[in-house]
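Reading through the structure tokens given below for one structure.
Letters A, B, ... mirror the listed sequences (proteins, then strands); counts begin at 1. All values reported here derive from a predicted model rather than from experimental measurement. Every heavy atom of this structure was used, including side-chain atoms; hydrogens, water molecules and symmetry mates were not.
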Amino acid sequence: MAATDVDIFSNEEKRNLSLGGHVGFDSLPDQLVSKSVTQGFCFNILCVGETGIGKSTLMNTLFNTMFENEEASHYQNGVYLRPRTYDLQESNVHLKLTIVDTVGFGDQINKEDSYKPIVDYIDTQFENYLQEELKIKRSLFNYHDTRIHICLYFIAPTGHSLKSLDLVTMKKLDSKVNIIPIIAKADTISKSELHKFKIKIMSELVSNGVQIYQFPTDDEAVTEINASMNAHLPFAVVGSVEEVKVGNKTVRARQYPWGVVQVENESHCDFVKLREMLIRVNMEDLREQTHARHYELYRRCKLEEMGFKDTDPDSQPFSLQETYEAKRKEFLGDLQRKEEEMRQMFVNKVKETEAELKEKERELHDKFEQLKRMHQEEKRKVEEKRRDLEEEMNAFNRRKVAAETLSLSQPLKKDKDKKKNSAAEVI
Amino acid sequence: VCVCEREREREEKQYVGFATLPNQVHRKSVKKGFDFTLMVAGESGMGKSTLVNSLFLTDLYKDRKLLNAEERINQTVEIIKHTVDIEEKGVKLKLTIVDTPGFGDAVNNNECWKPITDYIDQQFEQYFRDESGLNRKNIQDNRVHCCLYFIPPFGHGLRPVDVEFMKALHEKVNVVPLIAKADCLTPNEIKKLKDRIREEIERFGIKVYQFPECDSDEDEEFKQLDKELKECTPFAVIGSNTVVEARGQRVRGRLYPWGIVEVENQSHCDFVKLRNMLIRSHMHDLKDVTCDVHYENYRAQCIQEMTSKLAQDNRMESPIPILPLPTPDVETEKLIKMKDEELKRMQEMLNKMQQQMHEKDQ
């Protein structure tokens, strides 16, 4: 083919070409695999179920190891999540496994808020990843991904139906995480009861619109097994780390007076099915679904909340850059406005206080004037009284003098002396 | 031979004949018939109905409708009575089972035991009125004689709702706690759980029904059985509505791929002990404790409230014939309280000393 022929065709069309020999790019999957193996894998499991239902025992049984665990108490005030990370290795594959336990779930008398800590935890892991993604200098390949890949929901084996708490909780979680419901402690349910129980649970989930994880059937290699497993949900499991001798083998089992329940016996319980599905077949798909579906949904909602859009009103694609600029301008404008407001408020306040002070001053002045007037008034009154008193005194003196003169005119010398004396006295 | 005859003659002369009283009581009671009211409480799915059917070998719950999870989110507790008349060897029993569907099933179970305590109080009140009425010929006794409380076997012990429920009821009715669906526990796990529950019952001060001490003149075998019974509480029970073939016999049991659980096999569960205690030996004691302790407490409290209300309202007549209680004045009340506390302290000291002595012995 001439080079010019290629230019005629648009970029969208692809042509299939046949190869003349072995090129070698069929090794791409192997390259990918060897890269992943070197990097190591990471898997995060969330176990939701009431205290004592067997979450820790099942984890120990699934991974064939004893993760440290103290027995939880029934008297927690609320639900809290306890994540624990372990490094496991099998052949040359490294797995960083995080198991998150819900401590105190189902114990409180009022369980209306029990789902909140769980939802918050899941959202926080998404948020942390989103923050890392949005960083300017980011290192996603190094990032320890803590997003929950699978939620195992432990249903109590009552034999009737789901509990009301189960329904409410799963409804809150189904859009945020892959849920696989399992029936715990299934060795207390007989085969016929189990069949009815499973049907009842699935019908309740469906009629309430709860979306649980479906094992994928689009990959031909695993379609058949996944489809048949989907029909066995919810898995009825029994966990045990104790070993019992059965025949000439030692198996993990629970020993009762009436028989031995073998964990890995498929006619006793669905443990093997769970292990197949969860670990051996679909682990990678679970990680993919978490990233491609649940995380993307979270991210979209979060960004929309913050005001980002993919298209502006004219349906032209927005770039993140422009949106950032617009947001920044808006933010700065806001800041300025606020500053103005505050300044204005300050000025107003100052004016107010000034006015108040002036008013007070005037009042004081008025008072002072009034007092002064009163004082003068009083003084005047007192002066008047004094004058009156003086007048009276004078009048009295005159009368006295007059009276004495009168008494003097009658007697002779003696009285004259007396008068002299008395006049001298008076003077 | 002469000696024997003379003995017998002397005995006959001394024989008055009131040794037949027990037989007379037996005859009259058979004629009158008995009644018993049993309450069952616990979350749904604990096997209460199945256990009741197994206990009385009948099916009380035909055509029962169970609610969905969605319907139970805000469910309130109902009280449902089933009454049956059953007869065995000429002895008639009117059995009333009081069911409490909805208990502990909602998402918010605050005070979900209130309808139950209200029901028990209502029965007491009804009896109180009847007892104080003028025509007492046909009093119906609807008081609850025993409450079986089903504890789930899936946890590590008592949960807060279990503690609150039992504490709300322990002074109104005989509470008998049971470990439900015990076929999910191995013998070791059962023992651990029982020890834990017994310890928690004591720690939280829950007064469950106590078996009466057996008389000192009973034989050793009886005393041993009695001791075993007491050490076995709370009973770990399994019930079944189906009959299976086990060891060549047809028995009530549960069929599993790994074996058959027999309800009446004492090495499988404590069902037989519960049945014996509840029906064969202690049924009457349960009724007696209800009448002599719980009902009397209720009655005394009721009367006290009434007299204090009367004193407040200054009314002379009371609606019910009662002897006027001397109302102690404040001083005497204080004295009584002080003495009570002193007694308590002395009792505690005594217990401590006993414990110390016990330890020294060991």
Can you tell me which portion of [X] sits under 4.5 Å from chain B's heavy atoms? Options are side chain, backbone, both or neither.
{"X": "A:Leu167", "answer": "side chain"}
{"X": "A:Val168", "answer": "side chain"}
{"X": "A:Glu112", "answer": "both"}
{"X": "A:Ser267", "answer": "backbone"}
{"X": "A:Glu193", "answer": "side chain"}
{"X": "A:Asn208", "answer": "side chain"}
{"X": "A:Ile201", "answer": "neither"}
{"X": "A:Lys200", "answer": "side chain"}

For the residue pair [X] and [Y], establish whether any side-chain heavy-atom pair is separated by less than 4.5 Å.
{"X": "B:Cys184", "Y": "A:Asp187", "answer": "yes"}
{"X": "B:Phe154", "Y": "A:Pro157", "answer": "yes"}
{"X": "B:Pro152", "Y": "A:Glu50", "answer": "no"}
{"X": "B:Ile260", "Y": "A:Trp258", "answer": "no"}

Checklist entry - Is the side chain of A:Lys191 donor-acceptor paired with the backbone N or O of B:Leu255 at a distance under 3.5 Å, no angle test? => result no
Checklist entry - Under 3.5 Å, side chain of A:His74 to main-chain N/O of B:His156, donor-acceptor pair present? => result yes
Next on the checklist: Just so I understand: if I count every heavy-atom pair under 4.5 Å between each of A:Gly259, A:Ala184, A:Gly54, A:Ser161 and chain B, which residue has the most?
Outcome noted: A:Ser161
Item to check | Winner by heavy-atom pair count (cut-off under 4.5 Å) against chain B, out of A:Glu71, A:Lys163, A:Lys185 | outcome: A:Glu71
How many angstroms lie between atom [atom1] of [X] and atom [atom2] of [Y], to the nearest 0.5 angstrom?
{"X": "A:Tyr256", "Y": "B:His268", "atom1": "OH", "atom2": "NE2", "answer": "12.5 Å"}
{"X": "A:Gln108", "Y": "B:Asn109", "atom1": "CD", "atom2": "CG", "answer": "11.0 Å"}
{"X": "A:Glu204", "Y": "B:Asn68", "atom1": "CD", "atom2": "CG", "answer": "5.0 Å"}

Checklist entry - Does the distance from a Lys or Arg side-chain N to an Asp or Glu carboxylate O, for A:Arg254 and B:Glu189, drop under 4.0 Å? => result yes
Item to check | Residues B:Val107, A:Tyr115; criterion side chain to side chain contact (heavy atoms under 4.5 Å, CB included); working and verdict | outcome: CA-CA 11 Å; B:Val107 176; A:Tyr115 71 88; over 6 Å; no
Checklist entry - What orientation do B:Trp258 and A:His268 show, parallel under 30°, tilted 30 to 60°, or perpendicular over 60°? => result perpendicular
Item to check | Side chains of B:Arg254 and A:Thr188, donor plus acceptor under 3.5 Å | outcome: no
